[in-house]
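I have a structure I would like to understand better, so I am pasting it below and will then ask my questions one at a time.
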Amino acid sequence: GGHSIDDAEPKYGFAVTGEVALPEGLVTNAGGRPGDRLLLTKPIGTGIIATAIKRRACPAGVAQEAIRSMATLNREASAAMVSVGVSAATDVTGFGLLGHLAEINRASGTGARLDSDAVPVIDGAWGLLDSGMYPGGSVRNLKAVEELISSDPDDPVTRMLADAQTSGGLLIAVAAGAVDRLLAALGERGVDGWVIGELTEGPGIEW
């Protein structure tokens, strides 16, 4: 992955490559199955909050909570899901929750049904969205998934679900019978987890 940047600020970039030591522990985005539950390990809203920070319009407490979330590694969440055994997973970053869920659907040949009320959002992000804090990357995310959803792209819920994240959590597809074990494994490692929907037979994403 990477970023294309054209602005006046200097940037420092780097790339990291490596090898998977234990292929049997590798989880891809291609193994999802209809009926799998979808679980998310971090709240969304960091793109909106980062935009507000840049515009000097973000309350300090909201900024601190977003920074805390972004600074939390996915290492423990990853260890938990590998220990339980899951169908598929991806991290949620620049393409937003909808964009990365669409990647699981394409790779796995599935659709998805979300419970939008169950998706965790960082406190304060809704208010910032209402005040017009929405990054350009999130607008592009909406455009990319508009053919996959039936909901209004201008609806606040749709806009939040498409928000471009920085250092988001893991989006995990897990068999229904293993959900409780996964939540317990996450909790043992100090990681939160929210069940936010399920994979379905048909294409597209609905909520």
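Residue indices begin at 1 and follow the sequence shown.
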Apply side chain to side chain contact (heavy atoms under 4.5 Å, CB included) to residues Arg106 and Glu103 and explain how you reach the verdict.
CA-CA 5 Å; Arg106 281 192 292 270; Glu103 288 187 325; 3.5 Å; yes

Side-chain heavy atoms under 4.5 angstrom apart, residues restricted to Ile, Leu, Val, Met, Phe, Trp, Tyr: same cluster for Leu38 and Val82?
no

Looking at every heavy atom in both Ile122 and Ala66, which two are closest together, and how far apart are they?
CD1-CA, 4.0 Å

Can you tell me how far CD of Gln165 sits from OG of Ser138, rounded to the nearest 0.5 angstrom?
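If I round to the nearest 0.5 Å, the distance is 7.5 Å.
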
Mind checking whether Val92 and Val195 sit in one hydrophobic cluster, side chains of I, L, V, M, F, W, Y counted as touching below 4.5 Å?
no

Taking atom types as modelled and ignoring hydrogens, do the side chains of Thr200 and Arg113 form a donor-acceptor contact shorter than 3.5 angstrom?
no

Is there a donor-acceptor pair under 3.5 Å between the side chain of Thr28 and the backbone N or O of Ala30?
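Answer holds: yes.
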
Distance, nearest 0.5 Å, that separates CD1 of Ile172 from CG of Leu186
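Reported value, rounded in 0.5 Å steps: 6.0 Å.
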
Tyr134 vs Leu142, side chain to side chain contact (heavy atoms under 4.5 Å, CB included): CA-CA, chis, key distance, verdict:
CA-CA 11 Å; Tyr134 203 61; Leu142 281 171; 3.7 Å; yes

Exercise: identify the closest heavy-atom pair between Gly137 and Ala164
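It is C-CB, 4.2 Å.
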
Just by modelled atom types, is the Gly35 backbone N or O under 3.5 Å from a matching donor or acceptor in the Arg37 side chain?
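Present.
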
Could you tell me the separation between the CG atom of Leu128 and the OG1 atom of Thr51, rounded to the nearest 0.5 Å?
9.5 Å

Minimum heavy-atom separation for Gly45 and Met160, please, with both atom names.
CA-SD, 4.1 Å

Treating Asn141 as the side-chain partner and Ala162 as the backbone partner, does any N or O pair qualify as donor plus acceptor under 3.5 Å?
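Answer holds: yes.
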
From CA spacing to verdict: side chain to side chain contact (heavy atoms under 4.5 Å, CB included), Val119, Ile44:
CA-CA 8 Å; Val119 177; Ile44 62 175; 3.8 Å; yes

Reported CD1-to-CD1 distance for the pair Ile67 and Ile53, which is rounded to 0.5 angstrom:
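Separation between the atoms: 5.0 Å.
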
Would you say Leu170 ends up clustered with Val84 if hydrophobic residues are merged whenever their side chains have heavy atoms under 4.5 Å apart, either directly or through other cluster members?
yes

To the nearest 0.5 Å, how far apart are CD1 in Ile196 and CG in Asp117?
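If I round to the nearest 0.5 Å, the distance is 12.0 Å.
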
Asp115, CG: over 12 other non-hydrogen atoms inside 6.0 angstrom
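Correct, the count exceeds 12.
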
Are any non-hydrogen side-chain atoms of Val157 and Leu161 less than 4.5 angstrom apart?
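In contact.
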
If you group Ile, Leu, Val, Met, Phe, Trp and Tyr by side-chain heavy-atom gaps below 4.5 Å, do Val27 and Leu101 land in one group?
no

Would you please test Ser83 and Arg189 for side chain to side chain contact (heavy atoms under 4.5 Å, CB included) and show each step?
CA-CA 12 Å; Ser83 72; Arg189 291 168 171 81; 4.1 Å; yes

Between Ile104 and Leu97, is there shared hydrophobic-cluster membership here, with clusters defined by ILVMFWY side-chain heavy atoms closer than 4.5 Å?
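Per the 4.5 Å side-chain linkage, Ile104 and Leu97 are co-clustered.
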
So do the side chains of Trp126 and Ile48 get within less than 4.5 Å of each other, counting heavy atoms only?
no

Backbone of Asp152 reached by a side-chain donor or acceptor of Asp155 within 3.5 Å
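It does not hold such a pair.
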
Please round to the nearest 0.5 Å and tell me the distance separating atom NE2 of His100 and atom CG of Leu40.
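It comes to 11.5 Å.
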
Checking Thr72 side chain against Arg68 main chain: does a donor-acceptor pair fall under 3.5 Å?
yes

When you measure from the side chain of Asn105 to the backbone N and O of Pro203, does any donor-acceptor pair fall under 3.5 Å?
no

Closest heavy-atom contact between Thr110 and Gly32?
CG2-O, 3.8 Å

Side chains of Lys42 and Ser167 in contact at under 4.5 Å (non-hydrogen atoms):
yes

Contact check, side chains of Asp163 and Pro135, non-hydrogen atoms, under 4.5 Å:
yes

Look at the side chain of Asn29 and the backbone N and O of Thr90, then say whether any donor-acceptor pair between them is shorter than 3.5 Å.
no

